Amino acid sequence: MAEEILRIGIIGGGGISDVHLKAIRNNRKALIHAICDLNIRRAEEKAKEYQAPYFYSDYLELLKLETIDAVVICTWNCTHAEIAIAALEAGKHVFVEKPLSKTLEEAILIEQAVKRNKKQLQMGFVRRFEPNVMVLKKFIDEGELGEIYYAKASSLRRLGNPGGWFTDEAKSGGGPLIDIGIHIIDTSWYLMGRPRVTSVYGNTYRRLGKRANIKNLSFYKTADFNVSVNDVEDLAHAVIKFENGASLMVDCSYTLHAKKDETNLRLYGECGGAEIEPEFCLISERHDTILNIQPQTDQSGLNLLKAFQNQNDHFVECCLEGREPISTVGDGKEVMRMIMAIYESARLGHEVLL
């Protein structure tokens, strides 16, 4: 009996598509069947590189292929809802890079389309699949930290405005909060047990702008780097409160007068604590003594390549076996609820109740 293969179409051929393409290529149960990009030359080049038999500039043409079982959406945030719903209606399983959508209203429409068409949709919350996060989740599920009542997470770039569509609010929906802050919000919330959010207080700042004048220090730029449009925040911070009494404090930036870039995620529970970034550590108490425990894993810090491989393998398995993914459309919607509430709180100048 021949092994079942999942035939996948990639929609959006920008930088993030490469990590998905490589991960799919590494999976013997998956096959890259078509690639779509608005730039037809780029679609053709990627199809040739990854040996995909079809390439398109219009995603609707890709969705007409009856031989495609699933799609991976790697396009501008403002197109996620439109493409995801069309793919679901075409009978395809869907993977959506974060965020799920540009607005909460769009996220709700996607969730309805998932239920209506009875297809799998997996959210691109890649850090849930990072090896150390997966290990920590096992410790938490076994009660090692007890009830987690507080978390603190930061993703701060001192110089890292990527330009391109990322800084065009009409296409992205926002700046560092919806781009990099979403990762630390989701990872914290996931490890805290996904409690229901009840209120959000947030601030956003636009003080430093693009800072393209800086020399002698390189920073991440998109392939189409252009900061002529820059109407997103430089910095966002928030306090998110949950129904169980727990709270999460988060901040993130594209640019900041800071000594160095900083990424950290810390959890505090009744029986112990944990740090997952910058390196994995468990904090416990035994025989009246505090212990800092260093788990022995292949890499003490973030292993994103392995995370992307794990994430894509999980998507393939869920599609082939009919299992609900770890990162569901409902999770994507709830994280969008938090993100949008932070922006609303910043706009209104006071706490937002949910």
Side-chain angles (χ1 to χ4, degrees), residues 2-13 16-17 19-21 23-25 27-37 52-54 56 58-126 128-129 182 186 190 194 308-337:
E3 186 175 50
E4 192 174 2
I5 299 294
L6 189 75
R7 290 173 173 79
I8 301 174
I10 305 293
I11 302 176
I16 196 65
S17 68
V19 290
H20 291 286
L21 287 161
I24 294 166
R25 186 170 59 184
N27 190 316
R28 62 183 178 83
K29 294 184 179 180
L31 185 67
I32 302 164
H33 201 57
I35 296 176
C36 177
D37 192 88
Y54 302 100
Y56 303 94
D58 183 346
Y59 75 86
L60 292 173
E61 291 300 311
L62 181 148
L63 293 178
K64 289 178 182 177
L65 282 175
E66 294 183 1
T67 46
I68 283 184
D69 306 303
V71 297
V72 174
I73 300 172
C74 302
T75 56
W76 300 336
N77 298 348
C78 62
T79 66
H80 285 186
E82 169 193 316
I83 298 173
I85 292 170
L88 290 162
E89 298 287 359
K92 316 299 185 187
H93 299 298
V94 175
F95 177 97
V96 186
E97 257 299 341
K98 58 78 191 167
L100 176 58
S101 56
K102 186 184 169 188
T103 68
L104 177 60
E105 291 75 18
E106 289 178 342
I108 292 169
L109 291 175
I110 297 172
E111 184 180 46
Q112 291 171 348
V114 170
K115 292 177 180 177
R116 187 167 60 247
N117 292 283
K118 296 180 172 58
K119 289 294 177 179
Q120 302 294 343
L121 186 144
Q122 181 173 322
M123 267 305 305
F125 291 143
V126 66
R128 294 191 183 193
F129 298 89
I182 194 171
D186 174 69
Y190 172 65
R194 298 186 288 189
F308 271 104
Q309 188 65 56
N310 290 343
Q311 175 183 242
N312 281 272
D313 290 348
H314 182 69
F315 178 59
V316 172
E317 289 173 8
C318 288
C319 291
L320 291 177
E321 299 174 13
R323 292 191 289 114
E324 186 176 68
I326 289 172
S327 46
T328 66
V329 64
D331 290 348
K333 180 189 69 176
E334 289 308 305
V335 172
M336 281 304 298
R337 192 186 305 278

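Predicted model only: the values in this text are computed from it and were never measured.
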Residue of the set Ile73, Leu60, Leu63 for which side chain to side chain contact (heavy atoms under 4.5 Å, CB included) holds with Ile83
Ile73
Testing the basics here: between Ile16 and Val19, what is the closest heavy-atom pair and its distance to 0.1 Å?
O-CG2, 3.0 Å
Distance-only, no hydrogens or angles: does the Arg128 side chain make a donor-acceptor pair with backbone N or O of Tyr190 under 3.5 Å?
no
How long is the straight-line distance from NZ of Lys102 back to CG of Asn77, given to the nearest 0.5 Å?
9.0 Å
Flag yes if more than 12 heavy atoms outside Glu321 fall under 6.0 Å of its CD atom; otherwise flag no.
yes
Apply the test salt bridge (charged side-chain N to carboxylate O under 4.0 Å, His left out) to residues Asp69 and Lys92: give CA-CA distance (whole Å), side-chain angles for both, the deciding distance (0.1 Å), then the verdict.
CA-CA 5 Å; Asp69 306 303; Lys92 316 299 185 187; over 6 Å; no
Does His314 form a side chain to side chain contact (heavy atoms under 4.5 Å, CB included) with Gln122? I'd like the steps, not just the answer.
CA-CA 9 Å; His314 182 69; Gln122 181 173 322; 3.4 Å; yes
Nearest heavy-atom approach of Gln120 to Pro325 is OE1-CD, 3.3 Å
Counting N and O atoms only, with roles assigned by atom type, does the side chain of His33 sit under 3.5 Å from a partner on the main chain of Pro53, one being a donor and the other an acceptor?
no
Can you tell me if Asn312 uses its side chain to pair, donor with acceptor, with the backbone of Phe308 under 3.5 Å?
yes
I'd like to check Tyr59 versus Thr75 (side-chain heavy atoms, cut-off strictly below 4.5 Å). Are they in contact?
no
Hey, are Glu317 and Lys29 close enough for a salt bridge, meaning a charged N less than 4.0 Å from a carboxylate O?
no
What heavy-atom pair brings Leu104 and Met336 nearest, and what distance separates the two atoms?
N-CE, 4.4 Å
Interatomic spacing from CZ in Arg323 to SG in Cys318 - rounded to 0.5 Å:
4.5 Å
ring-ring contact (aromatic ring centres under 6.0 Å, His included) pairs touching residues 90-114, sequence neighbours excluded, are His20-Phe95, Phe95-Phe315
Roughly how far, to the nearest 0.5 Å, is CG of Asp186 from CD of Glu334?
11.5 Å
Residue pair Leu88 / Leu121, side-chain heavy-atom distance below 4.5 Å
yes
When you compare the side chain of Ile110 with that of Val329, does any pair of heavy atoms fall below 4.5 Å?
yes
Could you grab the distance from atom CD1 of Ile85 to atom CD of Glu89, nearest 0.5 Å is fine?
7.5 Å
Any idea which heavy atoms bring Cys36 and Asp58 closest together, and the distance?
SG-C, 3.6 Å
Closest approach of Ala84 to Val94 (non-hydrogen atoms, all atoms of both residues)
O-CG2, 4.1 Å
Is there a side-chain contact between Leu31 and Ile8 (heavy atoms, below 4.5 Å)?
no
Between Arg7 and Ile5, does a side chain to side chain contact (heavy atoms under 4.5 Å, CB included) hold up when you go through it step by step?
CA-CA 6 Å; Arg7 290 173 173 79; Ile5 299 294; 4.3 Å; yes
side-chain hydrogen bond (donor to acceptor under 3.5 Å, both in side chains) partners of Ser327, counting only residues at least two apart:
none
The test is side chain to side chain contact (heavy atoms under 4.5 Å, CB included); show your working for Asp313 and Val316 and say whether it passes.
CA-CA 5 Å; Asp313 290 348; Val316 172; 5.7 Å; no
Without swapping roles, check the side chain of Gln311 against the backbone of Phe129 for a donor-acceptor pair under 3.5 Å.
no
Dump the intermediate steps for side chain to side chain contact (heavy atoms under 4.5 Å, CB included) on Ile68 and Leu62, then the final yes or no.
CA-CA 8 Å; Ile68 283 184; Leu62 181 148; 3.7 Å; yes
Please name the pair of heavy atoms, one in Ser17 and one in Cys74, separated by the smallest distance, quoted to 0.1 Å.
CA-SG, 4.1 Å
Answer yes or no: is there a donor N or O on one side and an acceptor on the other, between the side chain of Glu106 and the main chain of Ser101, under 3.5 Å?
no
Is there a side-chain contact between Ile24 and Ile10, using heavy atoms and a 4.5 Å cut-off?
yes
Is there a donor-acceptor pair closer than 3.5 Å between any side-chain N or O of His80 and the backbone N or O of Pro99?
yes
Could you tell me whether a side-chain N or O of Glu111 sits under 3.5 Å from a main-chain N or O of Lys333, the two making a donor and an acceptor?
no
